[in-house]
Amino acid sequence: MNDGAVITRSEQRCFGGIQGFYEHASDACAGPMRFAVYRPLQALAGAAVPVVYYLPGLTCSEETFVIKAGAQRVAAELGLALVACDTSPRAARYPGDDADWDFGQAAGFYVDATVAPWSQTYSMHRWVATELPALVERHFGVGPRRGVFGHSMGGHGALTIGLLHADRFASVSALAPIAAPMQVPWGHKAFAGYLGPDTAAWRRYDTCALLEDGHRFAHAPHVDVGLADKFLETQLRPELLEAAAAAVGQPISVHRHAGYDHSYYFVATFVEAQLRHHAAILGEG
């Protein structure tokens, strides 16, 4: 497929469906952006299957989850389409954008940057929440029942998008999310760099702050964390998410798993539970 809007980089058969890698010219990010789509057999037969959007973490691309998580087998069984996005614009380059692994290239934090030069292209929230779903659903015939999930930085993105766009994303889950970025080093660095020093502007991209400010999920999210995750106490802070949800009466389910770390071995282990959570909700539509 190459109709001037979506460029096909590759497509492969996978568990009866098609795993594809694509690119398009993004208005939000003012340049080319890459993404991956898995369409199960049901979609190939013409069914408008539900679609779940996956947001990767720091240093990852649209290929990481597709290759490492083993999610296609479960998606094929459940009749879910899967979309994985890239983690930052890559065509536009700025001084120092690859100096650190947790800011700049592959570290867009799913915010719409307001500080130059990042504000020129780093509109990751708008791309993921609005532009990409419209493109995918128009070109691949999936949806409009939608869910969103992600890992680490992507878990943060999924939770905030689920709160800000509960009318669009019925189901939400997260794997080892950065639950309260305003209160941890990763969030301080990213938000200061992309959004500037005014912390009031940061609240739009902090799950705990959004809950405090009155936003709610369409359905209770499912969250998995590993107790051997080296980032658990310093960067992820799931207990802050639980406290914020409890304070406003927002149901949430946080599952802690002994012995599991932050790696894609953890993601691959619990991706089935995550997808079954989405299927149970999206199948109601």
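Numbers for residues simply follow the sequence, beginning at 1.
- Note that CG of D86 is 10.0 Å distant from CD of E23, once rounded to the nearest 0.5 Å.
- In this structure, P177 and V223 have side chains that are in contact, with non-hydrogen atoms separated by less than 4.5 Å.
- Between F231 and H262, the distance from one ring center to the other falls under 6.0 angstrom.
- Ring-plane geometry between H255 and H257 is classed as parallel, the angle between the planes falling under 30 degrees on a 0 to 90 degree scale with a further cut at 60.
- Between the side chain of Q250 and the backbone N or O of F217, at least one donor-acceptor pair lies under 3.5 Å.
- Dense packing is recorded around NZ of K189, with more than 12 heavy atoms of other residues, nucleotides or ligands lying under 6.0 Å away.
- Taking the six-membered ring where the residue is Trp, the centroids of Y122 and Y194 are separated by under 6.0 Å.
- For R256 and E239, the salt-bridge test fails: no basic side-chain N is under 4.0 Å from an acidic carboxylate O.
- R93 places no side-chain N or O within donor-acceptor distance of the main-chain N or O of D97, the cut-off being under 3.5 Å.
- Of the possible polar contacts, none joining the R237 side chain to the V184 backbone as a donor-acceptor pair under 3.5 Å is found.
- For the pair H151 (side chain) and A174 (backbone), a donor-acceptor distance under 3.5 Å is absent.
- Side-chain contact between R146 and Y53 is present, with at least one heavy-atom pair separated by less than 4.5 Å.
- For W202 (side chain) and G187 (main-chain N/O), no donor-acceptor pair under 3.5 Å exists by modelled atom type.
- Salt-bridge annotation for R276 and E77: present, with a side-chain N of the basic residue lying under 4.0 Å from a carboxylate O of the acidic one.
- Rounded to the nearest 0.5 Å, atoms CZ (R90) and OG (S61) are 6.0 Å apart.
- Taking the six-membered ring for Trp, W186 and H156 have ring centres at least 6.0 Å apart.
- Between the side chains of Q72 and Q19, at least one donor N or O lies within less than 3.5 Å of an accepting N or O.
- For the 3.5 Å distance criterion, the side chains of D213 and H215 fail to qualify, holding no donor opposite an acceptor.
- Atom CE of M153 and atom CD1 of I178 lie 7.5 Å apart (nearest 0.5 Å).
- Open room surrounds CD on E233; 12 or fewer heavy atoms of other groups in view lie less than 6.0 Å from it.
- Checked by atom type, the side-chain pair S173/H278 shows a donor-acceptor distance below 3.5 Å.
- Contact of the R13 side chain with the I18 side chain is registered, since non-hydrogen atoms from C-beta on lie closer than 4.5 Å.
- Between H24 and F35 there is a side-chain heavy-atom pair separated by less than 4.5 Å.
- When ring centroids are compared, F149 and F65 come within the 6.0 Å threshold.
- Contact check for F191 versus P181: side-chain heavy atoms found under the 4.5 Å cut-off.
- Panel note: side chain T160, backbone G157; a donor-acceptor pair is recorded below 3.5 Å.
- In this structure the side chain of I161 reaches within 4.5 angstrom of the side chain of H125, judged on heavy atoms.
- Remark: side-chain polar atoms of R138 are not paired, donor with acceptor, to backbone N or O of G141 under 3.5 angstrom.
- The backbone N or O of C60 lies less than 3.5 Å from a partner atom in the side chain of T87, making a donor-acceptor pair.
- Proximity of a side-chain donor or acceptor of E131 to a complementary backbone N or O of S26 within less than 3.5 Å is not detected.
- In this model, a donor atom of one side chain and an acceptor atom of the other lie less than 3.5 Å apart for T121 and Y94.
- Taking the six-membered ring where the residue is Trp, Y260 and F266 present tilted rings, their angle falling between 30° and 60°.
- A distance-only check finds a donor-acceptor pair linking the side chain of D112 to the backbone of R126 [under 3.5 Å].
- Proximity of the aromatic rings of F103 and W118 is defined here by a centroid distance below 6.0 angstrom, and this criterion is met.
- Y22 and E62 share no donor-acceptor pair across their side chains, judged by distance under 3.5 Å alone.
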